[in-house]
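Read the structure below first, then the notes.
So you know, we letter chains A, B, ... as the sequences are listed, proteins then strands, and number each from 1.
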Number of protein chains: 2
Amino acid sequence: MSNMSSMEKADLLKLVGKRIKEIRESKGLAQLDVAVRMEGNIDTTNISRIESGRTNPTVYTLFRISQALEVPMSDLFNIEYSNSMQDEV
Amino acid sequence: MSNMSSMEKADLLKLVGKRIKEIRESKGLAQLDVAVRMEGNIDTTNISRIESGRTNPTVYTLFRISQALEVPMSDLFNIEYSNSMQDEV
DNA sequence: CTTTGACATGTCAAACATGTCAAGTATGGA
DNA sequence: TCCATACTTGACATGTTTGACATGTCAAAG
């Protein structure tokens, strides 16, 4: 997710979704496990839609997912500007 | 944004909004400047609502804002792993 | 072959984000 | 005071996310 400057909506959603799935699987969790851990009502339908990039989730939904996965929200964006600055225009 | 585990929706939205405003002002930009730099149609109304935490923005909207502000998306969440102190709670 | 688990996908309704315009507030300067 | 800039707030239409449920697919197990 380094050169985000020219990214389109569909690409962003796919990347975020893939990242969420990656984290979830690395923790050995099923979508249902995440749903159960999330605050408020949710079912796996929405998690599936988010992971496949078919929906444009709100920040609160992403927040609840990051809570359930026990990672900071920044992890969902997999941002590592380790060596450079962002988009020096 | 420490101890996010017990945060409620309204608090999350207020924090993110405050952080966006903080970054925007640190760059000497007006809401209108951000709107103009953002992809797609937008005016300052939505930016105002997001900054005041009155709406729950989608990830794509936050993405466009981070682009306009020329910061990585993680900056919008004020990740504290870097140099600042950790979770003083 | 049937069952079970995990996930994708379709539909529906309710709630909500966004975009747009208009009007209001506040501040600072001429 | 008047005017301009910056931002907030209300109302509304439009589109989309979300939650709920049903169904489809696929693989593994029995």
Side-chain angles (χ1 to χ4, degrees), chain A residues 4 7-71 73 75-77, chain B residues 4 7-71 73 75-77:
Chain A
M4 312 207 306
M7 188 151 36
E8 290 180 14
K9 181 176 179 180
D11 299 314
L12 172 79
L13 301 186
K14 275 201 177 59
L15 270 182
V16 171
K18 238 161 92 175
R19 180 70 186 127
I20 290 174
K21 182 173 187 172
E22 193 174 282
I23 298 172
R24 177 177 61 78
E25 290 178 338
S26 81
K27 305 226 166 192
L29 298 174
Q31 289 178 346
L32 180 62
D33 298 320
V34 178
V36 167
R37 288 160 192 241
M38 283 177 68
E39 300 201 22
N41 299 323
I42 200 172
D43 68 358
T44 58
T45 306
N46 209 26
I47 297 178
S48 174
R49 285 190 284 228
I50 291 168
E51 285 192 357
S52 52
R54 288 164 54 231
T55 198
N56 177 15
T58 65
V59 64
Y60 182 55
T61 296
L62 288 183
F63 172 66
R64 285 183 296 158
I65 289 177
S66 74
Q67 280 186 313
L69 294 176
E70 293 174 350
V71 297
M73 281 197 69
D75 270 29
L76 305 190
F77 308 110
Chain B
M4 311 206 307
M7 186 151 37
E8 289 179 16
K9 181 175 178 180
D11 300 314
L12 171 79
L13 300 186
K14 275 200 176 60
L15 270 183
V16 171
K18 239 161 89 175
R19 180 70 187 126
I20 290 175
K21 182 173 187 171
E22 194 175 282
I23 298 172
R24 175 177 63 79
E25 289 178 340
S26 81
K27 304 225 165 194
L29 298 173
Q31 289 179 346
L32 181 61
D33 298 321
V34 178
V36 167
R37 289 160 192 240
M38 283 176 69
E39 301 200 22
N41 297 327
I42 200 172
D43 72 355
T44 61
T45 305
N46 208 28
I47 297 178
S48 174
R49 287 191 281 230
I50 291 169
E51 285 190 358
S52 55
R54 289 168 55 233
T55 197
N56 177 15
T58 64
V59 64
Y60 182 55
T61 297
L62 288 184
F63 172 67
R64 284 183 296 159
I65 290 177
S66 74
Q67 280 187 312
L69 294 176
E70 294 172 358
V71 297
M73 281 194 72
D75 270 27
L76 306 190
F77 306 110

> CG/B/Leu69 to CG/B/Leu29 distance, rounded to the nearest 0.5 angstrom?
Replying inline: 6.5 Å
> Ring centres of B/Phe77 and A/Phe77 under 6.0 Å apart?
Replying inline: yes
>> Generate the contact string for nucleotides 25-30 of chain C. Rules: B means base contact, S means sugar-phosphate contact only, - means no protein heavy atom under 4.0 Å.
In response: ------
>> In the structure I gave you, are the side-chain heavy atoms of A/Leu15 and A/Asp11 within less than 4.5 Å of one another anywhere?
In response: no
>> Assess the residue pair B/Leu62 and B/Ile20 against the criterion (side chain to side chain contact (heavy atoms under 4.5 Å, CB included)); give the C-alpha distance rounded to whole Å, side-chain angles, the decisive distance to 0.1 Å, and a yes or no.
In response: CA-CA 9 Å; B/Leu62 288 184; B/Ile20 290 175; 3.9 Å; yes
>> Below 4.0 angstrom, which residues in residues 29-36 of chain B have at least one non-hydrogen atom near DNA chain D?
In response: B/Ala30, B/Gln31
> Residues in side chain to side chain contact (heavy atoms under 4.5 Å, CB included) with A/Lys9, at least two apart?
Replying inline: A/Leu13, A/Asn56, B/Tyr60
> Do A/Thr58 and B/Val59 come within less than 4.5 Å of each other through their side chains, counting heavy atoms only?
Replying inline: no
> Which residues pass the salt bridge (charged side-chain N to carboxylate O under 4.0 Å, His left out) test with B/Arg24, sequence neighbours left out?
Replying inline: B/Glu51
> Looking at residues 46-62 of chain A, who's got a heavy atom less than 4.0 Å off DNA chain D?
Replying inline: A/Asn46, A/Arg49, A/Thr55, A/Asn56, A/Pro57, A/Thr58, A/Thr61
>> Taking side chain to side chain contact (heavy atoms under 4.5 Å, CB included) as the definition, give me every residue that meets it alongside A/Thr44, ordered by chain and number, with sequence neighbours left out.
In response: A/Gln31, A/Leu32, A/Ala35
> Under the side chain to side chain contact (heavy atoms under 4.5 Å, CB included) test, which residues partner B/Lys18, sequence neighbours left out?
Replying inline: none
> Looking at residues at least two apart in the chain, or sitting in another chain, which of them share a side chain to side chain contact (heavy atoms under 4.5 Å, CB included) with A/Asp43?
Replying inline: A/Thr45
> For DNA chain D, which nucleotides open and close the run of contacts to chain A, 5' to 3', at under 4.0 angstrom from a non-hydrogen atom?
Replying inline: D/dT17 to D/dC21
>> Working to the nearest 0.5 angstrom, can you tell me the gap between A/Phe63 CZ and A/Leu76 CG?
In response: 11.0 Å
> Can B/Met73 and A/Met73 be said to form a side chain to side chain contact (heavy atoms under 4.5 Å, CB included), step by step?
Replying inline: CA-CA 10 Å; B/Met73 281 194 72; A/Met73 281 197 69; over 6 Å; no
>> Is it the case that the side chain of A/Arg64 and the backbone of A/Glu39 share a donor-acceptor pair, with hydrogens and angles ignored and the cut-off at 3.5 Å?
In response: yes
> For A/Arg19, what residues pass the salt bridge (charged side-chain N to carboxylate O under 4.0 Å, His left out) criterion, not counting sequence neighbours?
Replying inline: A/Glu22
> Under a 4.5 Å cut-off applied to non-hydrogen side-chain atoms, are A/Val71 and A/Lys27 in contact?
Replying inline: yes
Tabulated below should be each protein N or O lying under 3.5 Å from an N or O of nucleotides 21-24 of chain C; please produce it.
from, atom 1, to, atom 2, distance (Å)
C/dC21, N4, B/Thr45, OG1, 3.1

